[in-house]
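Counting starts at 1 for both ligands and their atoms, in listed order. Sequential numbering from 1 along the given sequence is applied to the chain's residues.
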Amino acid sequence: MRDLSAGPRVLLKRLRELMAEPLEPQERLDRIVRQIASNMVAEVCSVYVLRSDGVLELYATEGLNKEAVHTSQLKMGQGLVGTIAASAQPLNLSDAQAHPAFRYLPETGEEIYHSFLGVPILRAGRTLGVLVVQNKASRNYREDEVEALETTAMVIAEMIATGELKKITRPGLELDLTRAITIEADAYNEGIGLGHVVLHEPRIVVTNLLNEDAEKEVTRLAEALGSLRISIDDMLSRREVSQEGEHREVLETYRMFAHDQGWVRRMEEAIHNGLTAEAAVEKVQSDTKARMMRLTDPYLRERMHDFDDLANRLLRQLTGFSGRAFDEGFPTDAIILARAMGAAELLDYPRASLRGLVLEDGAVTSHVVIVARAMGIPVVGQAAGVVALAENGDAIIIDGDDGQLHLRPVLDLQKAYEEKVRLRARRQEQFRALRDVEPLTKDGKRISLQMNAGLLVDLPQLVESGADGIGLFRTELQFMIASTMPKLEEQESFYRNVIKQAAGRPVTFRTLDIGGDKVVSYFRAQEEENPALGWRAIRLSLDRPGLLRTQLRALLRAAAGAELKMMLPMVTEVSEIHAVRELMQKEVQHLSKFGHSLPRKLQFGAMLEVPALMWQLDELMAEVDFVSVGSNDLFQFTMAADRGNARVSDRFDNLGKPFLRILRDIARAGERNKTVVTLCGEMAGKPLSAMALLGVGFRSVSMSPTSIGPVKAMLLGLDIDQLSAELNAALDDTRSSEPIRALLVRFAAANNIPV
Ligand code: PEP
Ligand code: MG
């Protein structure tokens, strides 16, 4: 191969020197274009920079009229320059004026130049501007000249990224790189987060661009590729990915890319043009990404992510970069941006510094979102393209109430949000003041307010919220964030820790509720057409008694000498409870036989989530110590409306007659059978719904810890007897069509009850 390195190498070296010199930005840019023109034997060299209003402005030129600098401009997609920016592809033309996109700008005096070569200025696949050379004579630029100009554009990209050009940007205008961006996303967890961007997969910044010895760099690249291929093969042969599945598919794609000759050749070419191995990887990565970002096919876009991941791995091999970019100086108001993320990875961040989470993909039920919700941080998801648009340290606001995010927000917006946060904080402060106030209604009824939890990080909130105990401990979360099935000892020590941290307040452990939307990666179930109605929760536990017995044993051992409260999810028939009791009995016998001490007292409960139990209420209550209504599931099954499908989940009102009548029947059955009934679905945490629950007879509810304050504030002003009288009359009235919700709102307003 012909050594192409001499020309570009000399140029890059000179440009690096220019970058380091203490020059004013305009002077630096002017010298850069002069240098490129002379090195490439071009009569013209110009730099266009993309502004936030989508206009490409001429920032410097050698050869065109100097007066055109900062006045000549083209819109994205307009003219040759705009076409290059929009497509992120170079244009190499021997007769520029014959190109259909050519647009004549009289102020530049460019009519005499026939040949035109323009390349996009890219950073992480994002277009920042366009770099152009022109010649009078009609000629075609060689492939190596195109490569060389692209490489040169990387240096200019770096200059733009440093923010240096701000100084020479006309007042009132802004560069695209620092543009304020609002992205409409999905609200996954409520709350407002103001802070600074932390990219979960930090961009590896290659500072060493220029090689001294091309052959040495080619060898380095080959070695790094070799190790990369081996590591992918290793991962593929590991047991966890030996079955079919998504993970395997991704790795297979990695392997395919890692052996792609076109990719390797392009990187080698970049090295021959003067780049180090890492700079070559970065250049080809950025070019490829820029092109693929314009694809709309979701499958191909997904492959783009795979390719990007792979290139990052290669960069890490070459630069030895492994840790986070913020080993020191991690921002105290971090908002994590990730394309996708595992739940355990979120837990690796310093909790006290987390102000929010943004996911490009993800779903509201994904594990990381469940964990983030448990941690009480706002989350937005489906934030398309945000990772490529943000830089570490950028200011950002996320709005988990409305599902929006604002990158590099303007001052006014920031102020408006600061006010919103202050208001929220003031309200929280008022609720905190209620922490030690006993939850007694105005007519003297003591209500049990409990909280839902699932991870150790939730536990401190028990004291902070003033909850009476944990009404629902979702044990499956520990299973969902682990990469392998937690062993007996791990489960036992985890439960023991929970009980210890609860410091005497009761904890209701729910046995494993996996299946449906709660996926455990190492426990592969069959594909099901209707997973919510499928093999899940207690059904799965009874079919895999080993799994359930391990959990029961862990719970019994962890609660030795104390009181153990546990309940079963998704019970459909009372016989299922008998079956679990039998297994429990066996575990108790086993433990006593081996001299283990047992819990002082055992309280056994069932969740009421399946409508079939409504016609077995008396048998059910004769069998258990307490019943906890899982209103999320009970509502979805009652209304035949998928709780995870936004199109139908809000279609029916859970404060409508059918559901409130069901809830009243449950509360009445509880009274009749002297069985405690409680409710632990999301509706318990909304003050108006909680008021309705008290009105139909509930005296115990469990909710997310942040809801305890608002619900307590509601009940302190509530006369339950007065509400019950009105509510029962309305529920019994078969003629009135007034929505019950309207009655409740009216009642609250008339009685000054904060809902
Ligand atoms: C419910 O269904 O209401 C419930 C509390 O359980 P989960 O949300 O975990 O299904
Ligand atoms: Mg449920």
Asks: Before signing off on this row, confirm whether Glu476 and ligand 1 have an N or O atom pair separated by under 3.5 Å.
Replies: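 It does not: no N or O of Glu476 is found under 3.5 Å from an N or O of ligand 1.
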
Asks: What atoms of ligand 1 come within less than 4.0 Å of a heavy atom belonging to Asp633?
Replies: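 Matching atoms, with element in brackets: 1 (C), 2 (O), 3 (O), 10 (O).
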
Asks: So if I apply the salt bridge (charged side-chain N to carboxylate O under 4.0 Å, His left out) rule between Asp468 and each of Arg699, Arg446, Lys712, Arg435, which one comes out positive?
Replies: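 Only one option passes, and that is Arg446.
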
Asks: Taking the side chain as every heavy atom from C-beta outward, state whether Asn497 and Glu492 have any pair of such atoms under 4.5 Å apart.
Replies: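 In short, these two side chains do not touch, never coming nearer than 4.5 Å.
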
Asks: Show the nearest heavy-atom pair for residues Asp732 and Arg664, with the distance to one decimal.
Replies: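 That closest heavy-atom pairing would be OD1-NH2, 2.8 Å.
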
Asks: Between Asp399 and Lys420, is there a side-chain N and carboxylate O pair less than 4.0 Å apart?
Replies: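 Salt bridge between Asp399 and Lys420, a charged N being under 4.0 Å from a carboxylate O: yes.
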
Asks: With the threshold set at 4.0 Å, does a side-chain nitrogen-carboxylate oxygen contact exist between Glu738 and Arg746?
Replies: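 Arg746 and Glu738: salt-bridged.
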
Asks: Is there at least one pair of N or O atoms, one from Arg536 and one from ligand 1, spaced under 3.5 Å apart?
Replies: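 N/O-N/O distance below 3.5 Å does not exist for this pair.
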
Asks: Any heavy-atom pair between the side chains of Val380 and Asp186 that's under 4.5 Å?
Replies: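 Result no, sub-4.5 Å side-chain heavy-atom pair not found.
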
Asks: Identify the two heavy atoms, one from Pro705 and one from Met451, that lie closest to each other, and give their separation to 0.1 Å.
Replies: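 Taking every non-hydrogen atom into account, CB-SD, 3.9 Å.
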
Asks: So do Val755 and Leu744 actually touch side chain to side chain, heavy atoms under 4.5 Å?
Replies: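 The answer is no; the side chains never approach within 4.5 Å.
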
Asks: Hey, does the Lys NZ or Arg CZ of Arg510 hover above the aromatic six-ring of Phe473, less than 6.0 Å from the centre and inside 45° of the axis?
Replies: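 Not satisfied by the 6.0 Å and 45° rule.
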
Asks: Report the member of Arg510, Met607, Met570 with the shortest heavy-atom distance to atom 6 (O) of ligand 1.
Replies: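 Minimum heavy-atom distance to atom 6 (O) of ligand 1 goes to Arg510.
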
Asks: Check each atom of ligand 1 against the heavy atoms of Gly681 and keep those under 4.0 Å away; list them by number with element.
Replies: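 So the atoms of ligand 1 that pass are 3 (O).
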
Asks: Please tell me whether Asn452 and Ser704 have a donor and an acceptor in their side chains that are separated by less than 3.5 angstrom.
Replies: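 Result is no, nothing qualifies.
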
Asks: Would you mind counting protein N, O or S atoms that sit less than 2.8 Å from the Mg ion (ligand 2)?
Replies: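 Protein heteroatoms (N, O, S) closer than 2.8 Å to the Mg ion (ligand 2) number 2.
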
Asks: Which ligand 1 atoms does Gly630 reach within 4.0 Å, using its non-hydrogen atoms?
Replies: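 Near Gly630, meaning under 4.0 Å from one of its heavy atoms, ligand 1 has 1 (C), 2 (O), 3 (O).
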
Asks: Have a look at Asn452, Asn632, Leu634, Leu679 and point out the one with the heavy atom closest to atom 1 (C) of ligand 1.
Replies: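 Looking at heavy atoms only, the winner is Asn632.
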
Asks: Out of Arg474, Arg643, Glu609, Gln636, who gets a non-hydrogen atom closest to atom 10 (O) of ligand 1?
Replies: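 Among Arg474, Arg643, Glu609, Gln636, the closest heavy atom to atom 10 (O) of ligand 1 comes from Arg643.
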
Asks: Identify, by atom number and element, the atoms of ligand 1 in contact range of Leu472, meaning under 4.0 Å from any of its heavy atoms.
Replies: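 Result: 5 (C).
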
